[in-house]
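See structure below.
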There are 2 protein chains.
Amino acid sequence: MTMVSVDKGGSRSDRTKAAILTAARARFAAHGYERTTIRGVAEDARIDPSMVMRYYGNKAQLFDAALAIDLRMPDLSNVSADDLPRTLVRHFLTRWEGDPADDALLVLTRSAVTNEHAAARMHDVFATQVAPALAAAVGPEVAARSAGLVSAQLLGLALTRYLLRLPAVTALTPDQIERSLAPAIAATLKPT
Amino acid sequence: MTMVSVDKGGSRSDRTKAAILTAARARFAAHGYERTTIRGVAEDARIDPSMVMRYYGNKAQLFDAALAIDLRMPDLSNVSADDLPRTLVRHFLTRWEGDPADDALLVLTRSAVTNEHAAARMHDVFATQVAPALAAAVGPEVAARSAGLVSAQLLGLALTRYLLRLPAVTALTPDQIERSLAPAIAATLKPT
DNA sequence: GTGAGATGTCAACAAGTGATGGCCTACACT
DNA sequence: AGTGTAGGCCATCACTTGTTGACATCTCAC
């Protein structure tokens with residue numbers, strides 16, 4: 001078995017494997033699943049298309065690898081009810097705008113709309129990351145009732161601002177969004 | 001020149017042209033632009049693929065025809081500020097769930113996420129249908145400030161309920177949604 | 001150095017796509 | 001009944017796609 005290479009990030013294969021994944025994420029994020037081609041990814045990663053197959057088996061598995069995502073939800077259990085909406089909005093804004101090179105969110109959201117498999121992953125992200133974080137803050141009953149629509153509001157923001165880029169939404173500053181959307185989310189969380 | 005045919009809906013060519021468009025809408029709505037094939041549309045419309053080209057020129061123009069949409073926004077100028085959010089939410093829910101055979105909304109929303117041209121049409125729909133209707137109700141200043149985020153919330157609902165089909169959102173009844181989302185929209189409309 | 005396994009290149013395949021143009025057919029009008 | 005034309009079909013092209021397998025090259029332990 002071949003052992004340790006000195007370069008950062010592990011063996012040579014690990015590096016090209018990562019290069020492929022990065023290129024794939026960028027393309028999937030920009031063009032979605034169908035319009036992303038293995039050849040295009042390979043070109044960006046400066047390797048032969050067949051290497052993509054060697055390391056990821058096929059396009060679907062490459063896509064699968066690109067879908068891995070962590071929302072990095074903060075611990076909301078100690079956030080007061082008053083602060084919760086603002087905290088949520090701010091977290092999502094920084095998560096989306098923080099690191100422009102991080103295409104993972106874009107990949108998942110964009111492809112979930114047209115790809116069943118990606119949609120299933122989205123369900124999973126909701127169930128394992130969003131819902132629990134919310135339940136920790138407002139309790140299971142309120143969360144069960146409102147988590148869906150809270151997510152709808154946050155995803156609506158992502159949709160209009162980062163995918164559709166509606167001018168009426170991209171024109172707003174993060175602060176304006178926070179001031180307008182936090183009360184809205186607060187309203188959904190309130191018992192009817 | 002051939003004249004009037006007795007059949008409903010005009011000449012024979014008009015009928016097949018309409019059949020093609022209907023089939024195309026259904027496929028674009030279900031699978032998006034890329035995964036919709038001329039051959040598939042033709043099969044659904046029970047005609048030869050070349051007929052699609054004859055009547056619509058090419059796939060892009062067919063898509064363009066399928067994107068035509070009318071939100072049927074009601075006149076909101078006489079709706080009280082208190083009733084506005086509820087009216088909006090209810091209108092969108094019935095618009096989306098009223099006629100299941102009407103795929104137009106689904107086509108536009110689904111494809112706008114991965115297709116630049118469809119996104120441009122979405123911008124147009126917003127600018128010519130949503131924004132004016134809102135401006136008539138709350139005045140131009142408030143509309144300019146909040147129309148974007150109001151749309152974000154309504155599109156977020158559409159996204160999670162009809163495209164992603166998040167269980168946490170599909171489980172809700174229209175009434176529940178109205179009760180939870182209307183106050184939220186009211187909050188975004190309120191001056192900060 | 002040398003051989004073996006890892007890494008990478010090359011050419012090609014089969015399938016499916018949008019698109020084209022020639023040909024057939026049925027209908028409306030005389 | 002004859003005929004021109006709109007409506008429809010077939011065969012086919014050129015191209016792109018994912019995927020494959022044979023071959024070259026590089027790296028490193030021995």
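Labels below follow one simple rule: chain letters A, B, ... track the order of the sequence lines, proteins then strands, and each chain is numbered from 1. Just so it is clear, the model here is predicted, and its values are computed rather than measured.
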From CG of A/Asp48 over to C1' of D/dT25, roughly how many Å is that when rounded to an integer? 14 Å

Does a side-chain N or O of B/Ser50 approach OP1 or OP2 of C/dA19 to a distance below 4.0 Å, or not? no

May I ask you to verify whether the side chain of B/Arg39 and the base of C/dG18 hold a donor-acceptor pair under 3.5 Å? yes

Can you say whether the rings of B/Phe63 and B/Phe28 are parallel (under 30°), tilted (30 to 60°) or perpendicular (over 60°)? perpendicular

Out of D/dT19, C/dG18, C/dA19, which has the shortest distance to the side chain of A/Pro49? D/dT19

Distance, rounded to the nearest Å, where B/His31 contributes NE2 and C/dT17 contributes P: 12 Å

Figure out the CE/P separation between A/Met51 and C/dG8, and round it to whole Å. 4 Å

Sorted by position of nearest nucleotide on DNA chain D, 5' first, the leading residue of A/Arg54 and A/Arg35 is A/Arg35

Under a 4.0 Å N-O cut-off, is there an ion pair linking B/Arg72 with B/Asp102? yes

Starting from P on C/dT9, measure out to CD on A/Glu43 and report it in whole angstrom. 13 Å

Rounded distance (Å) that lies between atom P of D/dT17 and atom OH of A/Tyr33: 13 Å

Distance in angstrom units between A/Ile47 CD1 and C/dC10 C1', rounded: 14 Å

When every non-hydrogen atom of A/Gln129 is compared with those of A/Met73, the smallest separation belongs to O-CG, 3.7 Å

Lys/Arg-Asp/Glu bridge criterion (N-O < 4.0 Å) met for B/Arg27, B/Asp103: no

Distance check needed: C/dG18 P versus A/Glu34 CD, whole Å only. 12 Å

Test item: A/Thr114 and B/Val113 side chains (from C-beta on) under 4.5 Å apart, heavy atoms: no

Report which part of the nucleic acid A/Tyr55 touches: base, sugar-phosphate, or nothing (heavy-atom distance under 4.0 Å, all strands). sugar-phosphate

Quick note, A/Lys59 side chain, CB onward, closest among C/dG8, D/dG18, D/dG8 is D/dG18

Expressed in angstrom and rounded to an integer, what is the separation of B/Ile38 atom CD1 from D/dC9 atom P? 15 Å

